[in-house]
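Read the structure below first, then the notes.
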Amino acid sequence: ALRLIDHDDYRDPQSPDRLAHLAASYFKRFKLLGEIIDLKQALGLQKLAVRHTDWYLDALISRMCTRGHMLKERFLIDKTKKNFNAIVWQFLDAVMKERGDTALIRLDATRECISLISQYPELDGSQELLLITYGYAMRILPEIMLGHGIARRLEETAKLGSLINGAVSAFIASLSLEQAIEWMDAGRALVWSQRLSGREPHKV
């Protein structure tokens with residue numbers, strides 16, 4: 001059995017990997033058994049893992065997003081504004097930290113935020129936060145195309161349409177028409193450039 005840990009007394013800054021693995025074990029057991037204490041332990045340990053992970057490592061982004069998913073489970077049990085805000089800002093904090101090859105993880109984090117804000121507008125009450133999140137997503141898109149082969153780029157391009165359309169629609173709804181046009185043009189250019197780059201060269 002996994003032992004309970006008092007996070008206030010637990011200090012092991014040299015082992016963020018072990019902290020993250022232990023947090024994952026508690027979270028897995030929570031998903032299997034539904035015991036809230038396991039989720040609480042997972043959240044506390046993952047918080048320590050994030051805190052002790054060096055700021056320049058790609059693993060920091062991954063661990064922050066993992067904790068975001070854990071926070072989402074807590075929110076689904078107790079749908080308070082406090083719990084809602086904790087998820088959104090955990091994901092956005094990860095999105096704003098540009099590290100190495102983390103664009104896909106950060107883009108998924110923006111999608112999580114957009115989904116939550118759209119699904120629970122009564123808890124957020126801010127169209128501005130939705131626009132900010134879409135703005136981050138649109139700025140991450142070009143990063144997706146760097147460092148990947150043609151097949152991967154085309155796979156990701158196929159998923160971008162709904163995100164780009166959502167961003168444009170959100171800015172139109174807020175009457176930010178100039179920004180809506182800018183994102184529409186940028187998104188269209190990105191999609192077409194990737195489609196053209198994926199074509200087989202003509203044989204003579």
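Heads up: numbering here begins at 1 and tracks the sequence.
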Using the side chain to side chain donor-acceptor pair (under 3.5 Å) criterion, which residues pair with [X]? Sequence neighbours excluded.
X     : answer
Glu35 : none
Thr80 : Asn83
Gln46 : none
Lys28 : none

> Can you name the salt bridge (Lys or Arg N to Asp or Glu O under 4.0 Å) partners of Lys72, sequence neighbours left out?
Replying inline: Glu112

Is there a continuous path of hydrophobic side-chain contacts, each under 4.5 Å between heavy atoms, that joins [X] to [Y]?
X      : Y      : result
Leu92  : Met70  : yes
Ile87  : Ile36  : yes
Ile105 : Leu116 : no
Leu33  : Ile77  : no

[X]: side-chain contact (heavy atoms from CB on, under 4.5 Å) partners, not counting sequence neighbours:
X      : result
Ser118 : Ile114, Leu130
Val95  : Ala109, Thr110, Tyr136, Ile140
Lys31  : Phe27, Glu73

> Does some side-chain heavy atom of Lys97 sit less than 4.5 Å from a side-chain heavy atom of Met64?
Replying inline: yes

>> Under the ring-ring contact (aromatic ring centres under 6.0 Å, His included) definition, can you give me all pairs with a residue in residues 86-108, not counting sequence neighbours?
In response: His69-Phe91

>> Tell me which pairs pass salt bridge (charged side-chain N to carboxylate O under 4.0 Å, His left out) where either residue lies in residues 56-69, with sequence neighbours left out.
In response: Asp17-Arg63

> With Phe75, which residues qualify under ring pair (Phe, Tyr, Trp, His ring centres under 6.0 Å), at least two apart?
Replying inline: Phe84, Tyr120

